[in-house]
S.K.: 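My questions all concern the structure below.
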Amino acid sequence: MESIETLTGKYGDEGDKLIFKILNSGDFLKNARIRKDVLKDVTANNFSKMDLIVGDEYPLQFLVRDNEVLPYITEKALRYDLTVPFARFVVQHQNDLTFPFKRYQIQPVWRADRPQKGRYREFYQCDVDVIGSNSLLNEVELIQIIDEVFTALGVSDFKISINHRKILAGLAESLSIGSNFSDLVTALDKWDKIGEEGVCKELDSKGVHRDGIVGIMKFAKASSLSDIDEMIQNSEGKQGIQEVDKILNDLEKLGVKSCSFNASLARGLSYYTGTIIEVTANEASGSICAGGRYDDLTGIFGMKDISGVGVSFGADRIYDLMEERNLFPADANVSTELMFANFGEAEASFCFGLLKEVRAAGINAELYPDAAKMKKQFSYADAKHIPLVAMVGADEMAKNEVTLKNMDSGEQRTVKSSELIKELKG
RNA sequence: GUGGUUGUAGCUCAGUUGGUUAGAGCACCUGGUUGUGGUCCAGGGGGUCGUGGGUUCGAGUCCCAUCUUCCACCCCA
């Protein structure tokens with residue numbers, strides 16, 4: 001949970017609407033006020049939508065505008081991402097941290113959106129950030145992490161795209177459309193989805209002039225840095241090109257092949273100022289990891305000249321993708337390696353001693369909690385894919401033995417309980 | 001936020017032009033097996049048909065409202 005002012009204004013206009021606001025606790029209307037001049041003139045006499053009146057009640061929205069009352073009734077919100085709260089944390093604890101400061105964080109975030117495929121109201125982000133260093137080595141390292149993660153997970157066709165906000169800013173300046181910069185960003189980012197025609201249409205509707213649109217189209221179709229070099233003449237844009245060039249060169253030396261420059265990558269979040277990164281594996285389900293460099297985020301909270309860069313893995317989308325492609329190993333849900341069957345009170349307490357020893361030896365084990373019928377206990381072990389079941393009934397207990405059953409082959413044999421761990425380890 | 005869509009057993013779904021006691025598969029439970037699962041056989045429990053109104057002799061089926069689900073847009077992990 002964050003103060004609402006910590007979050008607003010960092011994610012763009014649309015982003016602000018998607019922040020999950022929390023109604024003040026207690027008598028939340030106590031301090032609510034609304035200016036006279038924004039009060040909608042609704043009275044019983046001039047109310048034009050009488051059909052909307054239900055009995056003696058009518059919707060409050062006809063009386064007040066929500067954006068006018070909102071500041072009075074909500075002062076907290078659920079975190080929209082992990083980056084902005086992280087920046088707030090860094091500023092708050094700046095005296096206790098050593099810079100460059102690195103951290104990872106895995107937590108849920110919330111979006112006040114209508115859920116749909118690949119989009120959740122609550123989902124987990126896994127963030128990795130380095131704050132307090134301008135070095136591009138951080139970008140290189142983060143991209144290397146992304147490459148390693150998706151390779152390890154078996155997502156074979158992932159693609160890492162990078163671009164640079166300074167290149168985009170340079171483009172906007174070169175084309176004299178600086179005032180439409182955010183329109184450029186949101187439109188360009190849809191290139192893969194709605195194509196050239198769609199992007200043109202959107203830019204046109206936002207009032208971008210014809211020459212600007214032509215320039216943007218040429219830019220979006222560029223496939224390499226050298227293609228855009230001549231389109232961008234100002235120093236800011238040139239710096240962006242140089243930075244991306246260096247990152248790509250370093251990655252090549254490291255043998256990372258999954259990353260490439262993508263002119264149409266733009267990213268909507270408004271706090272990015274440098275490199276921007278996005279990972280896709282299946283275009284339909286959107287990005288599964290994204291991030292970038294932000295120069296001013298800590299500045300907003302009162303700590304100047306600290307640059308940070310980070311990426312965020314979308315855990316739920318990655319999970320969906322892996323589930324869809326059957327990438328989870330069959331033994332992923334095997335947690336118990338050995339189950340002691342329960343034959344009754346005396347046998348169970350005997351097994352409890354063995355259970356402690358087995359666990360101390362690093363083997364995940366459990367004792368069935370009830371002295372249920374064997375059929376039920378074995379069904380349980382089977383359903384949970386527990387590979388071994390240990391049986392200690394009256395006979396075994398008397399002889400200090402354990403009967404082990406291999407659930408896969410069905411074989412079973414009896415060993416001395418003192419040999420149990422050796423048997424399991426071997 | 002805008003447009004559409006869905007709702008029947010724990011899950012996936014049938015249910016004809018409105019007509020007796022709303023079905024199936026899977027899952028679950030019991031027994032066949034007194035200390036043995038994954039197969040098989042026999043039997044069993046479980047649904048105010050999302051909710052609230054209405055039309056009708058009669059509503060899972062038609063009408064209205066409301067909630068919910070999913071999808072697209074916007075935007076994003």
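Predicted model only: the values in this text are computed from it and were never measured. Order of the sequence lines sets the chain letters (A, B, ...), proteins ahead of strands, with each chain counted from 1.
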S.K.: Rounding to an integer number of angstrom, what distance separates B:U30 and B:G46 when you compare their C1' atoms?
M.R.: 15 Å
S.K.: Establish, for the pair A:Arg111 and A:Tyr120, whether the NZ or CZ atom is under 6.0 angstrom from the six-membered ring centre and no further than 45 degrees off its axis.
M.R.: no
S.K.: Can you pull every protein N or O that's under 3.5 Å from an N or O on nucleotides 69-71 of chain B?
M.R.:
from  : atom 1 : to       : atom 2 : distance (Å)
B:C71 : OP1    : A:Lys117 : N      : 3.2
B:C71 : OP2    : A:Lys117 : N      : 2.5

S.K.: Rounded to the nearest Å, what distance is computed from the CG atom of residue A:Asp81 to the P atom of nucleotide B:C75?
M.R.: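 Checked: the CG to P distance equals 18 Å.
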S.K.: In whole Å, measure the gap between the P atoms of B:U61 and B:G19 for me.
M.R.: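 Each nucleotide's P atom is 10 Å from the other's.
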S.K.: Between A:Glu337 (side chain) and A:Asn364 (backbone), is there a donor-acceptor pair under 3.5 Å?
M.R.: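 Yes.
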S.K.: Do you see a donor-acceptor pair shorter than 3.5 Å between the side chains of A:Arg114 and A:Gln116?
M.R.: no
S.K.: Mind checking the C1' distance from B:A14 to B:U51? Whole angstroms is fine.
M.R.: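 Pairwise C1' distance, B:A14 against B:U51, rounds to 24 Å.
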S.K.: When rounded to the nearest Å, what value does the distance between P atoms of B:C71 and B:G15 take?
M.R.: 24 Å
S.K.: In the 5'-to-3' direction, what one-character label does each nucleotide of nucleotides 31-41 of chain B receive under the scheme B = base within less than 4.0 Å of a protein heavy atom, S = sugar-phosphate only, - = no such atom?
M.R.: SB--BBBB---
S.K.: Which whole-number value in Å describes the distance from A:Ile19 CD1 to B:C75 P?
M.R.: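 One finds 16 Å between P of B:C75 and CD1 of A:Ile19, rounded.
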S.K.: Regarding A:Ile318, tell me which of base, sugar-phosphate or nothing describes its non-hydrogen contacts under 4.0 Å with the strands shown.
M.R.: nothing
S.K.: Evaluate the ring pair (Phe, Tyr, Trp, His ring centres under 6.0 Å) criterion for residues A:Phe328 and A:Tyr319: first the C-alpha distance (whole Å), next the side-chain angles of each, then the deciding distance (0.1 Å), finally the verdict.
M.R.: CA-CA 9 Å; A:Phe328 287 106; A:Tyr319 180 95; 5.1 Å; yes
S.K.: Check the distance between B:C76's P and A:Phe20's CZ and give it to me in whole angstrom.
M.R.: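 My rounded result for the distance is 18 Å.
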S.K.: What's the NZ-P distance between A:Lys190 and B:A72, to the nearest Å?
M.R.: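 Roughly 15 Å, once rounded to whole Å.
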S.K.: If only side-chain N and O atoms count, and only distance matters, is there a donor-acceptor pair under 3.5 Å linking A:Asp127 with A:Thr83?
M.R.: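 Note: A:Thr83 and A:Asp127 side chains meet the donor-acceptor criterion.
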S.K.: Does A:Lys193 or A:Gly314 map to a spot on RNA chain B nearer the 5' end, using the closest nucleotide for each?
M.R.: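 Checking each residue's closest nucleotide, the 5'-ward one belongs to A:Lys193.
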S.K.: I would like to know whether A:Thr403 and A:Glu396 meet side-chain hydrogen bond (donor to acceptor under 3.5 Å, both in side chains); could you show each step before the answer?
M.R.: CA-CA 7 Å; A:Thr403 299; A:Glu396 286 91 347; 2.6 Å; yes
S.K.: Can you tell me how far C1' of B:G1 sits from NZ of A:Lys21, to the nearest Å?
M.R.: 11 Å
S.K.: If you look at every strand shown and take non-hydrogen atoms under 4.0 Å, does A:Ala381 touch a base, only sugar-phosphate, or nothing?
M.R.: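 A:Ala381: no heavy atom of the nucleic acid under 4.0 Å.
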S.K.: Pick the C1' atom in B:C13 and in B:C76, then give their distance to the nearest Å.
M.R.: 34 Å
S.K.: How is A:Cys289 classified with respect to the nucleic acid when contacts are heavy atoms under 4.0 Å: base, sugar-phosphate, or nothing?
M.R.: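 Sugar-phosphate, no base atom in range.
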S.K.: Do A:Thr8 and A:Asp16 pair up side chain to side chain, a donor and an acceptor below 3.5 Å, judged on atom types alone?
M.R.: no
S.K.: Any chance you could measure A:Leu7, atom CG, to A:Arg79, atom CZ, to the nearest 0.5 Å?
M.R.: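 CZ of A:Arg79 is found 10.0 Å from CG of A:Leu7.
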S.K.: Does B:G46 have a Watson-Crick or wobble mate here (both distances under 3.5 Å), and if so which one?
M.R.: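 With both distances under 3.5 Å required, B:G46 matches none.
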S.K.: Report the base-pairing partner of B:G1 (Watson-Crick or G-U wobble, both distances below 3.5 angstrom), or none.
M.R.: B:C73
S.K.: In the structure shown, which nucleotide is the Watson-Crick or G-U wobble counterpart of B:G60, with both distances under 3.5 Å?
M.R.: none
S.K.: When you compare B:G45 with B:U68, how far apart are their P atoms, in angstrom units rounded to a whole number?
M.R.: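 Roughly 36 Å separates the two P atoms.
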S.K.: Classify A:Tyr120 by what it touches in the nucleic acid, base, sugar-phosphate, or nothing, heavy-atom distance under 4.0 Å.
M.R.: base
S.K.: Between atom CG in A:Leu78 and atom C1' in B:A77, what is the gap in whole Å?
M.R.: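 The distance from CG of A:Leu78 to C1' of B:A77 comes to 16 Å, rounded to the nearest Å.
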S.K.: In whole Å, measure the gap between the C1' atoms of B:G10 and B:G53 for me.
M.R.: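 Rounded to whole Å, the distance is 30 Å.
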S.K.: Is there a side-chain contact between A:Leu265 and A:Asp189, using heavy atoms and a 4.5 Å cut-off?
M.R.: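 Counting from C-beta outward, A:Leu265 and A:Asp189 do come under 4.5 Å.
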S.K.: I need the OH-P distance between A:Tyr11 and B:A77, as an integer number of Å.
M.R.: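 Going from OH in A:Tyr11 over to P in B:A77 covers 10 Å.
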S.K.: Between B:U16 and B:U6, how far apart are the two P atoms, rounded to whole Å?
M.R.: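 To the nearest whole Å, 16 Å.
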S.K.: For the pair made of CD in A:Glu278 and P in B:A77, what is the distance, rounded to whole Å?
M.R.: 7 Å
S.K.: Kindly say whether A:Ile421 contributes a backbone atom to a donor-acceptor pair with the side chain of A:Glu357 at under 3.5 angstrom?
M.R.: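 Not a single qualifying donor-acceptor pair exists.
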S.K.: Take A:Asp129 and A:Tyr294 through the side-chain hydrogen bond (donor to acceptor under 3.5 Å, both in side chains) test and state the conclusion after the steps.
M.R.: CA-CA 11 Å; A:Asp129 286 80; A:Tyr294 42 91; 2.5 Å; yes
